[in-house]
Chemist: 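Handing you a structure now.
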Amino acid sequence: MTAETVSGRTALITGASAGIGKAFAEVFAAKGWNVVLTARRTGRLEALASELASKHKITATPIAADLADPEGVQRLVAEIGSRGLIIDGLVNNAGYGVPGYYARTAWKDQKDFLQVLVTAPCELTHALLPGMIERRFGRIVNVASVAGLMPGTPGHTLYAASKAFMVKFSESLLLENRKHNVLTSALCPGFTYTEFHDVAGVRQRVAKFGKGWWSTAEEVAEAGYDGVIQGRPIVITGGRYKLIVAIMKLLPEPLALRMVAGRSRSFRAE
Ligand SMILES: NC(=O)c1ccc[n+]([C@@H]2O[C@H](COP(=O)([O-])OP(=O)(O)OC[C@H]3O[C@@H](n4cnc5c(N)ncnc54)[C@H](OP(=O)(O)O)[C@@H]3O)[C@@H](O)[C@H]2O)c1
């Protein structure tokens, strides 16, 4: 693991009230970063902030924000500014899935999904990036998914598309800003033990995948942290997923599509 001096620097982590975001907060704090934790569940953020502050002797600031609100990012950035916080690290992590086939879902659900998983990370990055460039230091992790590196699936229709978007967005940001010492990485986990599948209501469906398919949130966050400080454009967690992604790239698209569709039907809700 590459060590770098981060004492006194502050990272903003979205979706820090649970799962991978919470694990990222723990990893950043353990490395000596101050953290700003955001999500909707204030109680959880406050409890995590006070735990991290006393455990790691850092400053941890909880700020509630609903990223589905089109003004959520603007308000969050204003709140950060009014507290005099300077953000040098950003983890765009908040996310969830919308179960079901596209035609059967409500547009409001898809619109909110795009707001949280695509527009909010883009807007947040756009607001914080100029300061990082000016200070010649920035570390940005966009939490994507192996789904973004593979063909689309039936069900959770915009999920793979949104994650593929985050992968390409991360690559472009890295190329544009590496010269300013602002590094961006797309973190692509496979199945991870978090609340994600409970929120999507597919816990029973995914339970049929054995332990070898799963990582812990801590493993994923550690890999994401190491990946961004090493300037790796894409970080895939788990050897099994690296192999699957590599094989998929070699297959003709129609065959890859058929294979992924067959497999995903067993866990994606119609
Ligand atoms: N778990 C997996 O298998 C897996 C695999 C690949 C990628 N991922 C990605 O990892 C990221 C984190 O997911 P997770 O697995 O850690 O799920 P999780 O345990 O359900 O956590 C999701 C986080 O997102 C926040 N969030 C959801 N909607 C929000 C909103 N409208 N405004 C603000 N925050 C919101 C939640 O906080 P509040 O509810 O408190 O707002 C929570 O902190 C997601 O981008 C997901 O797509 C997960």
Side-chain angles (χ1 to χ4, degrees), residues 12-27 35-49 62-73 75-76 91-99 108-121 123-124 141-150 153 156 158-167 169-170 186-203 205-207 209 211 213-221 223-224 234-238 240-241 244-245 264 267-268:
L12 168 65
I13 297 150
T14 73
S17 62
I20 296 170
K22 184 175 180 217
F24 260 114
E26 283 168 1
V27 169
V35 288
V36 177
L37 311 175
T38 189
R40 292 165 302 181
R41 286 170 288 181
T42 319
R44 285 187 179 210
L45 295 179
E46 284 169 354
L48 180 62
I63 303 178
D66 182 355
L67 299 180
D69 179 342
E71 288 172 13
V73 167
R75 275 201 288 268
L76 174 62
V91 183
N92 283 310
N93 162 78
Y96 57 95
V98 178
K108 166 85 170 82
D109 293 342
Q110 300 294 356
K111 193 172 163 221
D112 286 353
F113 175 87
L114 289 173
Q115 180 67 39
V116 175
L117 278 95
V118 178
T119 306
E123 191 180 353
L124 210 38
V141 180
N142 288 322
V143 181
S145 166
V146 286
L149 300 170
M150 303 220 280
T153 60
H156 285 66
L158 292 178
Y159 189 76
S162 73
K163 296 306 188 181
F165 180 102
M166 292 311 287
V167 170
F169 177 48
S170 306
L187 174 60
C188 297
F191 285 140
T192 308
Y193 294 116
T194 66
E195 296 170 16
F196 183 92
H197 297 101
D198 304 308
V199 175
V202 293
R203 175 61 62 200
R205 286 169 182 255
V206 294
F209 287 84
K211 271 193 175 163
W213 290 94
W214 292 85
S215 298
T216 64
E218 291 71 27
E219 288 164 346
V220 168
I234 297 175
V235 175
I236 302 172
T237 57
R240 180 181 299 228
Y241 289 104
I244 293 171
V245 169
S264 63
F267 66 94
R268 294 275 198 240

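Every heavy atom of this structure was used, including side-chain atoms; hydrogens, water molecules and symmetry mates were not. Please read all numbers here as calculations on a predicted model, not as lab measurements. Just follow the structure's listing: the first ligand is 1, and inside any ligand the first atom is 1.
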Chemist: Is there a heavy atom of Gly97 sitting under 4.0 angstrom from any atom of ligand 1?
Modeler: no
Chemist: Which atoms of ligand 1 have any heavy atom of Ser17 under 4.0 Å away?
Modeler: 36 (C), 37 (O), 38 (P), 40 (O), 42 (C), 43 (O)
Chemist: If I take atom CG from residue Leu67 and atom CD from residue Gln115, how far apart are they, to the nearest 0.5 angstrom?
Modeler: 8.0 Å
Chemist: Determine, considering heavy atoms only, which of Asp69, Asn93, Ile20 sits nearest to atom 11 (C) of ligand 1.
Modeler: Asn93
Chemist: Please check if atom NZ in Lys22 has more than 12 non-hydrogen atoms from other residues, nucleotides or ligands closer than 6.0 Å.
Modeler: no
Chemist: Heavy-atom contacts under 4.0 Å between Ala147 and ligand 1: side chain, backbone, both, or neither?
Modeler: neither
Chemist: Ignoring angles and geometry beyond distance, decide whether Arg41 reaches within less than 3.5 Å of ligand 1 through its nitrogen or oxygen atoms.
Modeler: yes
Chemist: Give the minimum heavy-atom separation between Cys188 and Val146, together with the two atoms involved.
Modeler: O-CG1, 3.5 Å
Chemist: Where the closest heavy atom to atom 31 (N) of ligand 1 is concerned, which of Val146, Asp66, Thr38, Val143 has it?
Modeler: Asp66
Chemist: Gly19 heavy atoms, cut-off 4.0 Å: which ligand 1 atoms fall inside?
Modeler: 16 (O), 19 (O)
Chemist: Can you check whether Phe196 and Phe191 have ring centres sitting under 6.0 Å from each other?
Modeler: no
Chemist: Quick one: which ligand 1 atoms are inside 4.0 Å of a heavy atom on Lys163?
Modeler: 44 (C), 45 (O), 46 (C), 47 (O)
Chemist: Does Arg75 pair with Glu123 as a salt bridge, N-O distance under 4.0 Å?
Modeler: no
Chemist: Kindly indicate whether the side chain of Thr192, heavy atoms from C-beta on, has any atom under 4.5 Å from the side chain of Thr216.
Modeler: no
Chemist: Heavy-atom distance to atom 27 (C) of ligand 1: which of Arg40, Glu195, Met166 wins?
Modeler: Arg40
Chemist: So how far is it from Leu12 CG to Leu37 CG, rounded to the nearest 0.5 Å?
Modeler: 8.5 Å
Chemist: Look at atom 1 (N) of ligand 1 and find which of Thr14, Thr194, Leu76 reaches it with the closest heavy atom.
Modeler: Thr194
Chemist: Should Gly15 be counted as touching ligand 1, given the test is an N or O pair under 3.5 Å?
Modeler: yes
Chemist: Identify the two heavy atoms, one from Val245 and one from Leu149, that lie closest to each other, and give their separation to 0.1 Å.
Modeler: CG1-CB, 4.1 Å
Chemist: Please verify whether a non-hydrogen atom of Gly190 lies at under 4.0 Å from ligand 1.
Modeler: yes
Chemist: We want to know whether Asn142 and Ser170 form a side-chain donor-acceptor pair, criterion being a heavy-atom distance below 3.5 angstrom.
Modeler: yes
Chemist: Shortest non-hydrogen contact from Ala25 to Ile13?
Modeler: CA-CD1, 3.5 Å
Chemist: Near Phe191, which atoms of ligand 1 are under 4.0 Å from a heavy atom of that residue?
Modeler: 3 (O)
Chemist: What part of Leu67, side chain from CB on, backbone N/CA/C/O, both or neither, has a heavy atom under 4.0 Å from ligand 1?
Modeler: both
Chemist: Quick one: pull up CG in Leu76 and CG in Asp69 and give me the separation to the nearest 0.5 Å.
Modeler: 11.5 Å
Chemist: Atom 22 (C) of ligand 1: which protein heavy atom is closest, and how many Å away?
Modeler: Gly95 O, 3.5 Å
Chemist: Taking all non-hydrogen atoms of both residues into account, name the closest pair between Asp109 and Tyr96 and its distance.
Modeler: O-OH, 4.4 Å
Chemist: Give the atom numbers and elements of ligand 1 that come within less than 4.0 Å of a heavy atom of Ala68.
Modeler: 31 (N)
Chemist: When you compare ligand 1 with Tyr96, is there at least one nitrogen or oxygen pair between them that comes in under 3.5 angstrom?
Modeler: no
Chemist: When only distance counts, is Ser145 in polar contact with ligand 1, meaning an N/O pair under 3.5 Å?
Modeler: no
Chemist: Please identify which atoms of ligand 1 are closer than 4.0 Å to at least one heavy atom of His197.
Modeler: 2 (C), 3 (O)
Chemist: If every non-hydrogen atom of Trp214 is compared with every non-hydrogen atom of Val206, which pair is closest and at what distance?
Modeler: CZ2-O, 3.6 Å
Chemist: Where is the nearest protein heavy atom to atom 26 (N) of ligand 1: which residue, which atom, and how far?
Modeler: Ala94 CB, 4.0 Å
Chemist: In terms of atom number and element, which parts of ligand 1 are under 4.0 angstrom from non-hydrogen atoms of Tyr159?
Modeler: 6 (C), 7 (C), 8 (N), 9 (C), 46 (C), 47 (O)
Chemist: Would you mind checking which non-hydrogen protein atom is closest to atom 6 (C) of ligand 1, with the distance to 0.1 Å?
Modeler: Pro189 O, 3.4 Å
Chemist: Quick check on contacts: which atoms of ligand 1 are under 4.0 angstrom from a heavy atom of Ala65?
Modeler: 32 (N), 33 (C)
